[in-house]
Amino acid sequence: MNKIYTYYTVFILMIALLVSSCVSDDGSFPEDPGNEITSTPAIVTILNDLNAKGDTFSEDQLCFRFQYPLTLGYNTDSNIRIDSYQGLLDVISGQSSNFNITGIQFPVEIIYNGNTTTNVIGNEAALFEVIRECQLTTFRDIFNKLFKQCFKFDYPVILKNGNKEETTIDGDEGFIRFLSAQGENYQPDFTFPVNILVAPNFEANRISTYYEFYQILNSCVGCPDIRFDIVPLQDNIYQFTPNFEIGNGYELSFKVNEEVIPDVIIDGNVFTRQFSPGTYEVCIKAITPDCLEGKSVCKEIIVEPICPDLLFDFVQQPGSLSYNFTADFVGIDDISYDWVIDNEVIESDGGANGDNMFTFDFTPGTHKACIKAETPSCPNGIELCRDIIVCPELSFTSMQQGVTSIYDFAANFPGKEDISYQWLINDNIQEEDGGAVNGDNEFTFNFTPGDYEVCIVTEIEGCTDGVRFCMSINIP
């Protein structure tokens with residue numbers, strides 16, 4: 001028993017001598033620290049950040065610097081007083097899994113870079129505020145990034161909430177719920193030891209301090225920084241290309257609105273697809289040896305309709321109210337479309353078997369002629385319309401009854417059944433006639449000797465020509 005005690009005493013003395021040699025003259029082990037050491041991941045976070053910056057990073061480059069001396073606590077329940085920045089660096093480099101910093105003695109004083117004002121930091125929460133103000137990566141930040149990528153918990157684990165009340169967590173779902181309930185500023189407050197499974201083989205590790213936790217986090221590669229580019233091609237075809245280095249063992253997959261795209265479609269890690277108009281969420285997922293559950297990044301694309309540029313022309317057949325229409329536009333052999341007159345579909349045309357020609361007999365007046373198409377890339381349809389003003393070409397014939405002064409007149413123009421018109425003699429209205437009033441399109445008049453101008457006239461909106469036709473009659 002005495003030998004065991006002697007070995008234990010020698011072991012403790014060796015550790016003390018080792019740490020004393022690490023801190024040189026800039027640190028010492030106080031016999032009475034005066035105040036209690038507060039165990040906090042905040043000081044471990046700061047020391048981890050300083051260790052990452054390296055020995056060449058000067059104190060003047062820091063966001064803040066401590067006012068020395070300060071007292072730090074080890075996981076062995078021993079304390080050390082630090083008297084300078086170099087002493088702090090020596091302590092950082094002298095840590096190991098069995099001997100590492102876990103806490104700090106409050107209050108401490110700091111001075112922000114570029115300032116001369118001393119700030120008193122009295123507790124753990126205030127020290128975390130300094131970390132956030134200096135934009136240091138907190139334990140929660142790196143934990144959130146790497147959880148389930150580089151390590152998993154071997155449940156159960158015990159966490160303390162903001163009131164330092166312990167809660168036993170039995171699974172990932174409960175763990176995530178607990179973190180969410182504590183708020184975004186909460187730092188995971190573990191009751192050590194904690195059993196974790198470390199990737200890639202998820203080997204069991206038992207850790208007792210945040211320093212050991214950081215050792216695992218710092219050596220973790222984790223998931224790659226996934227990015228991808230979107231290049232629109234013609235006809236609503238989009239190309240999606242990963243924009244990060246793809247290493248050996250990487251497995252990539254794409255999703256479009258939760259539809260997983262089979263790997264066979266991904267050619268050379270480039271995904272190409274034609275979309276119908278709409279809004280889509282496109283995601284790329286990468287599974288790597290250091291990211292076994294995978295990581296996804298998503299982007300939203302809004303695909304606008306691509307509608308054909310429709311085009312047609314028309315010409316009136318001489319001496320009639322018939323019009324010939326001809327359609328001609330890019331892609332006319334690949335799509336079907338409709339000829340529409342005054343909002344009524346008259347004929348379907350286009351495609352491989354269409355003649356792209358259309359003839360229609362109009363009535364006098366204003367009409368709207370359209371071609372209308374609907375395609376997969378233009379699901380809401382597109383139409384091109386032209387207003388057509390159809391003006392009649394009035395005319396009539398006259399015939400004298402024998403040797404009398406009685407003349408018979410007969411209207412003989414296309415569309416006479418569809419319009420109303422008037423018979424006039426010397427600009428005096430004699431009779432209303434035409435289809436609208438069930439007219440017979442004939443007019444008889446008994447003249448007295450003299451010169452006369454006999455006319456038929458009508459009113460068609462938009463027409464200035466062809467709405468008056470006259471004939472001169474001389475009665476001896």
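Reckoned from all heavy atoms, side chains included, excluding hydrogens, waters and symmetry mates.
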Hey, are the side chains of [X] and [Y] touching, using non-hydrogen atoms and a 4.5 Å cut-off?
{"X": "Leu179", "Y": "Phe147", "value": "no"}
{"X": "Tyr323", "Y": "Val390", "value": "yes"}
{"X": "Asp328", "Y": "Leu311", "value": "no"}
{"X": "Leu217", "Y": "Cys150", "value": "no"}
{"X": "Thr191", "Y": "Glu166", "value": "yes"}
{"X": "Leu321", "Y": "Pro364", "value": "yes"}
{"X": "Cys220", "Y": "Phe151", "value": "no"}
{"X": "Val256", "Y": "Arg273", "value": "yes"}

Atom [atom1] in [X], atom [atom2] in [Y]: separation rounded to 0.5 Å?
{"X": "Ile169", "Y": "Phe153", "atom1": "CD1", "atom2": "CZ", "result": "9.5 Å"}
{"X": "Glu347", "Y": "Ile341", "atom1": "CD", "atom2": "CD1", "result": "10.0 Å"}
{"X": "Tyr211", "Y": "Ile43", "atom1": "OH", "atom2": "CD1", "result": "14.5 Å"}
{"X": "Ser180", "Y": "Tyr186", "atom1": "OG", "atom2": "OH", "result": "12.5 Å"}
{"X": "Arg132", "Y": "Phe128", "atom1": "CZ", "atom2": "CZ", "result": "7.0 Å"}
{"X": "Cys370", "Y": "Arg386", "atom1": "SG", "atom2": "CZ", "result": "11.0 Å"}

*Given side-chain contact (heavy atoms from CB on, under 4.5 Å), test Thr241 with Val231 step by step and report yes or no.*
CA-CA 8 Å; Thr241 306; Val231 178; 5.7 Å; no

Kindly state whether the ring of [X] and the ring of [Y] have centres lying under 6.0 angstrom apart.
{"X": "Phe190", "Y": "Phe213", "result": "yes"}
{"X": "Tyr210", "Y": "Phe192", "result": "yes"}
{"X": "Tyr238", "Y": "Phe254", "result": "no"}

Donor-acceptor pair, [X] side chain versus [Y] backbone, under 3.5 Å?
{"X": "Thr209", "Y": "Thr102", "value": "no"}
{"X": "Asn75", "Y": "Asn100", "value": "yes"}
{"X": "Asp349", "Y": "Asn356", "value": "yes"}
{"X": "Asn123", "Y": "Ala125", "value": "yes"}
{"X": "Glu165", "Y": "Asn161", "value": "no"}
{"X": "Asn205", "Y": "Glu203", "value": "yes"}
{"X": "Asn257", "Y": "Glu281", "value": "yes"}
{"X": "Gln95", "Y": "Ile101", "value": "yes"}
{"X": "Gln274", "Y": "Ile237", "value": "no"}
{"X": "Asp355", "Y": "Met357", "value": "yes"}

*Give the intermediate values and the outcome of side-chain contact (heavy atoms from CB on, under 4.5 Å) for residues Tyr155 and Thr168.*
CA-CA 9 Å; Tyr155 294 99; Thr168 300; over 6 Å; no

If you draw a 6.0 Å radius around [atom1] in [X], do more than 12 non-hydrogen atoms from other residues or ligands fall strictly inside?
{"X": "Asp387", "atom1": "CG", "result": "yes"}
{"X": "Lys145", "atom1": "NZ", "result": "no"}
{"X": "Asn243", "atom1": "CG", "result": "yes"}
{"X": "Asn115", "atom1": "CG", "result": "yes"}
{"X": "Lys299", "atom1": "NZ", "result": "yes"}
{"X": "Glu173", "atom1": "CD", "result": "no"}

*Any chance you could lay out the side-chain contact (heavy atoms from CB on, under 4.5 Å) test for Asp189 and Lys164, step after step, and finish with the verdict?*
CA-CA 8 Å; Asp189 191 355; Lys164 300 298 181 181; 2.8 Å; yes

*Take Phe175 and Phe143, measure what ring pair (Phe, Tyr, Trp, His ring centres under 6.0 Å) needs, and give me the verdict at the end.*
CA-CA 13 Å; Phe175 184 84; Phe143 179 92; 5.5 Å; yes

Between [X] and [Y], what is the shortest heavy-atom contact and its length?
{"X": "Phe106", "Y": "Leu127", "result": "CZ-CD2, 4.1 Å"}
{"X": "Ile335", "Y": "Ala373", "result": "CD1-CB, 4.1 Å"}
{"X": "Ala126", "Y": "Gly122", "result": "CB-N, 4.3 Å"}
{"X": "Asn119", "Y": "Tyr112", "result": "ND2-CD1, 3.6 Å"}
{"X": "Ala327", "Y": "Ile371", "result": "CB-CD1, 4.5 Å"}
{"X": "Gly294", "Y": "Ile287", "result": "CA-CG1, 3.8 Å"}

Under 4.0 Å between a side-chain nitrogen and a carboxylate oxygen: does that hold for [X] and [Y]?
{"X": "Glu124", "Y": "Lys160", "value": "no"}
{"X": "Asp49", "Y": "Lys53", "value": "yes"}
{"X": "Asp172", "Y": "Lys152", "value": "no"}

_side-chain hydrogen bond (donor to acceptor under 3.5 Å, both in side chains) evaluation trace for Thr45 with Tyr214_ = CA-CA 8 Å; Thr45 294; Tyr214 266 116; 2.8 Å; yes

*Passing candidate, ring pair (Phe, Tyr, Trp, His ring centres under 6.0 Å) with Tyr337, options Phe325, Phe329, Phe312*: Phe329

*Using ring pair (Phe, Tyr, Trp, His ring centres under 6.0 Å) as the criterion, list what pairs up with Tyr250, not counting sequence neighbours.*
none

_ring pair (Phe, Tyr, Trp, His ring centres under 6.0 Å) involving Phe66 - partner list, sequence neighbours excluded_ = Phe64

*For Asn324 and Gln317, run side-chain hydrogen bond (donor to acceptor under 3.5 Å, both in side chains): C-alpha distance rounded to whole Å, both residues' side-chain angles, the deciding distance at 0.1 Å, then the answer.*
CA-CA 7 Å; Asn324 294 331; Gln317 295 181 9; 2.9 Å; yes

*Set of side chain to side chain contact (heavy atoms under 4.5 Å, CB included) partners for Asn51, sequence neighbours left out*: Ile92

*Quick one: do Phe240 and Ile284 satisfy side-chain contact (heavy atoms from CB on, under 4.5 Å)? Show the steps, please.*
CA-CA 9 Å; Phe240 305 89; Ile284 181 174; over 6 Å; no

